[in-house]
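Before any comments, here is the structure.
When a ligand or atom number is given, it counts from 1 through the structure's own listing order. In what follows, every heavy atom counts, from backbone to side chain, and hydrogens, waters and symmetry copies are set aside.
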Amino acid sequence: MIEKIRHYQDKCDFCGTCVAVCPHDAIELAEASLQILFNRCTLCAFCIQGCPTRALEMSDESAL
Ligand code: SF4
Ligand code: SF4
């Protein structure tokens with residue numbers, strides 16, 4: 001199973017906390033759009049822990 005960070009746009013308030021806590025600059029936030037850069041992400045899960053609205057989850061790729 002290949003795991004990835006999944007982002008739920010409808011739960012996100014674009015606060016930028018996940019961008020601030022990501023140690024690998026793997027999250028890009030533009031006005032109302034958030035992108036995970038999977039080539040940089042190490043699945044450390046700091047962003048999941050830091051998200052106040054639970055808009056991020058660990059997900060296996062087949063579920064995307
Ligand atoms: S921390 Fe959560 S709510 Fe804030 S921008 Fe990131 S995904 Fe969205
Ligand atoms: S899991 Fe870690 S490396 Fe990946 S986007 Fe979240 S904070 Fe960044």
Which atoms of ligand 2 are found less than 4.0 Å from any heavy atom of His24?
-> 3 (S)

Of all the atoms in ligand 1, which lie at a distance below 4.0 Å from a heavy atom belonging to Asp13?
-> 3 (S), 4 (Fe)

Decide whether Leu56 and Met58 are clustered together by the hydrophobic rule: side chain heavy atoms of Ile, Leu, Val, Met, Phe, Trp, Tyr closer than 4.5 Å, transitively.
-> yes

May I ask you to list the atoms of ligand 2 that are less than 4.0 angstrom from any heavy atom of Ile27?
-> 5 (S)

Exceeds 12 heavy-atom contacts within 6.0 angstrom, atom CZ of Phe14 = yes

Partner of Cys18 under side chain to side chain contact (heavy atoms under 4.5 Å, CB included), picked from Leu34, Leu29, Ile5, is Leu34

Starting from atom 2 (Fe) of ligand 1, find the nearest protein heavy-atom neighbour and note its residue, name and distance.
-> Cys51 SG, 2.3 Å

Taking all heavy atoms of Cys47 and all of Val21, pick out the closest pair and write down the distance.
-> CA-CG2, 3.8 Å

Of the backbone atoms (N, CA, C, O) and the side-chain heavy atoms from C-beta on, which set of Thr53 has a member under 4.0 Å from an atom of ligand 1: side chain, backbone, both, or neither?
-> side chain

Near Ile5, which atoms of ligand 2 are under 4.0 Å from a heavy atom of that residue?
-> 1 (S)

Among the heavy atoms of Gly16, does any lie under 4.0 Å from an atom of ligand 1?
-> yes

Check whether any heavy atom of Leu43 sits under 4.0 Å from an atom of ligand 2.
-> yes

Is Phe38 linked to Val19 within one hydrophobic cluster, defined over Ile, Leu, Val, Met, Phe, Trp and Tyr using a side-chain heavy-atom separation of less than 4.5 Å?
-> yes

Of all the atoms in ligand 2, which lie at a distance below 4.0 Å from a heavy atom belonging to Cys44?
-> 1 (S), 2 (Fe), 3 (S), 7 (S)

Would you mind running through ligand 1 and noting each atom that sits below 4.0 Å from a heavy atom of Pro52?
-> 1 (S)

Heavy-atom contacts with Thr17 under 4.0 Å: which atoms of ligand 1 show up? List them by number with element.
-> 1 (S)

Atoms in ligand 1 with a heavy atom of Phe14 nearer than 4.0 Å = 5 (S), 8 (Fe)

Atom CD1 in Ile36, atom NE2 in His7: separation rounded to 0.5 Å?
-> 7.0 Å

Of the side chain and backbone of Ala45, name the one, both, or neither that has a heavy atom under 4.0 Å from an atom of ligand 2.
-> backbone

Assess whether atom CD of Glu3 is packed by more than 12 heavy atoms of other residues, nucleotides or ligands within 6.0 Å.
-> yes

for atom 4 (Fe) of ligand 1, nearest protein heavy atom and its distance come out as Cys15 SG, 2.3 Å

For ligand 1, indicate whether the residue His7 contacts it via side chain, backbone, both or neither (heavy-atom separation under 4.0 Å).
-> side chain

Taking only heavy atoms of Leu56 into account, list the atoms of ligand 1 that are under 4.0 Å away from them.
-> 7 (S)

If Ile, Leu, Val, Met, Phe, Trp and Tyr residues are connected whenever their side-chain heavy atoms lie under 4.5 Å apart, and connections chain through other members, are Ile48 and Leu43 in the same group?
-> yes

Heavy atoms only: which of Cys18, Cys12, Ala55, Ala20 is nearest to atom 1 (S) of ligand 1?
-> Cys18

Does any N, O or S atom of Cys47, backbone or side chain, fall under 2.8 Å from atom 2 (Fe) of ligand 1?
-> no

Starting from atom 3 (S) of ligand 2, find the nearest protein heavy-atom neighbour and note its residue, name and distance.
-> Thr42 N, 3.5 Å

What heavy-atom pair brings Thr17 and Gly50 nearest, and what distance separates the two atoms?
-> CG2-O, 3.3 Å

For atom 8 (Fe) of ligand 2, the protein heavy atom that lies nearest, with its residue and separation = Cys22 SG, 2.3 Å

Hey, is the main chain of Ala32 close enough, under 3.5 Å, to the side chain of Gln9 for a donor-acceptor pair?
-> yes

Say you draw a straight line from SG of Cys44 to CD of Gln49; how long is it, rounded to the nearest 0.5 Å?
-> 8.0 Å

